[in-house]
Amino acid sequence: MSFTSFSFPTPTLFGPGALSELSVRAASLGVRKPLVVTDPGLVNTAAFQALIKVLGATERDKQWFVFSGVHPNPLETDVREAAAAFNRYQCDSIIGFGGGSPLDVGKAARLLVKRPKLDFTKFYEEKDWAGLAPFVAIPTTAGTGSEVGRSSVVTLEATHRKAVLFHPELLARLVILDPELTVGLPPGLTAATGADALTHCIESYTCPVFHPMCDGIALEGIRLIIEVLPRAFRRGDDLDARGKMLVAAAMGAVAFQKDLGVVHSMAHPLSTLCGLHHGLANALCLVAGMKFCAARKPGIYRRVGLACGLDVVKSPEAEADGQTITFISNFLAGLGLNTRLAAHGVKPEHLESLVVQAVEDPCHKTNIVPVTTEDFRKLYLEVL
Ligand SMILES: [Fe+2]
C-alpha cells in the first residue's frame with residue numbers, strides 16, 4: 001500500500017490504511033512502550049479494534065497500555081490520571097487516539113510526566129518544555145485539528161475555567177490521518193465536527209492578523225469542506241470524502257494559529273455552561289457571527305464565497321457577503337445544523353452567564369471587528 005506523507009511542520013502520514021504503518025514509524029521515534037490515551041466511548045469501536053490489531057502482541061508480551069478516562073471537555077484530573085498511568089506502566093511515549101479531547105490530554109500529560117511536582121495552574125510560567133516524551137496523534141474525527149496543534153485545552157479544577165497550554169514542544173512527532181478510522185463516525189457527529197473545521201477556516205481567514213500563508217490554507221480548507229462534507233455526512237464509508245475532511249480539519253487548525261473570532265467566543269461558553277458539543281455550538285452561531293462581521297466590515301466574505309464556488313468576483317461588497325452567508329446557512333441546514341440553541345437545552349436564564357464568559361473568552365479579541373457585551377447579548381438572543 002502506498003501512502004502520502006508531508007510535513008507542515010508535523011510529519012503526517014495520510015491514506016486509507018495508514019494506521020498499518022504505526023508500529024514501524026513510531027519505532028523510529030523511539031516509541032517502544034506507548035500509553036494510548038483515549039476516551040471510554042472509543043474503546044468499543046471498530047477504529048479502536050484496528051489500533052489494537054496494529055499494536056499487536058498478545059496479552060503476555062504486551063508492550064502498550066491504555067488510559068481511557070478522558071472526558072468530553074477534558075479536565076485537569078484526566079491529565080493527572082494519564083500521567084499517573086504513564087508512570088505506573090513505565091511507558092516511554094503517548095499515542096493520542098480519538099477526537100480533540102484525548103489528543104489534548106495526551107499532549108499535556110507529557111508535561112506532568114516530566115515535571116510530576118508541577119503546579120498545573122501555573123503551567124504558563126513553565127520554562128522547561130524540552131524533552132517531553134514522544135507523542136503520536138491519530139484523530140478519529142475530522143474537526144478540531146488538535147493533531148497538528150501546539151496547544152491543549154484543559155479545564156482547571158481550581159477555577160473551573162478552560163486553560164490553554166501552548167508551546168511548540170506540545171506538537172506531535174507524527175500524525176496519522178487514516179480515513180478508515182472515521183468511517184464509523186455517525187452523521188450527526190460528522191456534521192458537527194466538520195462544522196468546527198469550517199468555522200476554523202472562515203474565522204482564521206477573516207482574522208485581521210497578517211499571515212497570507214494561513215489565509216491560503218484556510219481558503220483551500222473551505223473549498224475542500226464544501227466539496228466533501230455533505231458526501232461524508234450522507235455516506236460514512238466514502239473514503240475519499242473522509243480523507244479530504246481529515247486533511248481539511250488539519251488545515252483549519254494550521255490556519256487558526258492566526259487566531260479565531262466571535263463565533264468561537266460564543267461557542268466556548270455553550271460547551272462549558274450548557275454542555276453543547278463544540279462543533280455543534282459553532283455551527284449554530286456561525287451565520288449570526290458572519291452577519292455581525294459583514295455588517296461592520298463589508299466585503300470580508302467575498303473570497304470565502306469564491307472558495308465556496310460562488311460567482312461573486314464582481315458583486316458589490318454587501319451582495320458578495322450576503323450570497324456567501326446565505327450559502328453557508330443553506331450548507332449547514334443541509335447537514336441538519338439549522339436548529340436553535342433552545343432545542344439543545346439552552347434557556348433564557350443562561351443568557352447572562354453565557355455573555356459574561358463570552359466576553360472573557362480570548363478568541364473575539366482577534367475578531368475582524370470589536371465585539372461588546374451588548375453585541376454578545378444580541379447575538380445569543382438571535383440564535384437562542
Ligand atoms: Fe473549534
Side-chain angles (χ1 to χ4, degrees), residues 71-74 96 98-105 107 137 139-155 161-166 170 182 185 188-207 209 214 217-218 221-222 224-225 229 245-290 293 304 328 331-332 335 337 341 344 354 357-358 360-368 371 379 383:
H71 290 82
N73 287 299
S101 301
L103 301 189
D104 277 11
V105 170
K107 275 186 217 170
T140 60
T141 65
T144 68
S146 174
E147 62 276 9
V148 294
R150 58 201 73 194
S151 62
S152 169
V153 184
V154 177
T155 302
R161 298 282 166 104
K162 288 191 175 194
V164 183
L165 286 82
F166 181 87
L170 285 174
T182 63
L185 203 64
L189 268 178
T190 299
T193 48
D196 186 25
L198 178 64
T199 310
H200 293 158
C201 291
I202 293 176
E203 287 211 290
S204 59
Y205 172 70
T206 51
C207 163
V209 170
C214 285
I217 289 168
I222 292 167
L224 279 171
I225 293 166
L229 180 54
M245 272 311 299
L246 273 172
V247 176
M251 291 166 77
V254 168
F256 83 61
Q257 60 183 279
K258 268 183 79 179
D259 232 317
L260 292 165
V262 58
V263 179
H264 267 76
S265 282
M266 290 178 74
H268 287 149
L270 286 167
S271 295
T272 48
L273 294 171
C274 305
L276 260 71
H277 180 277
H278 174 67
L280 176 67
N282 274 315
L284 302 188
C285 298
L286 180 58
V287 168
M290 289 177 77
C293 295
V304 173
I328 296 292
F331 180 79
L332 293 172
L335 301 168
L337 296 170
L341 295 182
H344 303 277
L354 288 167
Q357 283 204 16
E360 285 176 6
D361 187 88
C363 290
H364 71 89
K365 305 276 172 22
T366 50
N367 193 58
I368 183 126
V371 195
L379 281 163
V383 291

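Basis for what follows: all heavy atoms, side chains included, without hydrogens, waters or symmetry-related copies. These numbers come from a predicted model, not from an experiment. Every number for a ligand or one of its atoms is a count from 1 in the order of the listing.
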Next on the checklist: Nearest 0.5 angstrom please: Leu270 CG to Asn282 CG, how far?
Outcome noted: 9.0 Å
Checklist entry - So which pairs with a foot in residues 266-276 pass side chain to side chain donor-acceptor pair (under 3.5 Å), sequence neighbours left out? => result His268-Asp361, Thr272-Gln357
Checklist entry - Going by atom types only, do His200 and His264 share a side-chain donor-acceptor pair under 3.5 Å? => result yes
Item to check | Backbone of Thr182 reached by a side-chain donor or acceptor of Thr140 within 3.5 Å | outcome: no
Next on the checklist: My understanding is that only residues two or more places apart in sequence, or in another chain, count here; which of them pass side chain to side chain contact (heavy atoms under 4.5 Å, CB included) with Ala192?
Outcome noted: His277, Leu280
Checklist entry - Among all residues two or more places apart in sequence or in another chain, which pass the side-chain hydrogen bond (donor to acceptor under 3.5 Å, both in side chains) test with Asn367? => result none
Next on the checklist: Below 2.8 Å, which protein N, O or S atoms neighbour the Fe ion (ligand 1), ignoring water?
Outcome noted: Asp196 OD1, His200 NE2, His264 NE2, His278 NE2
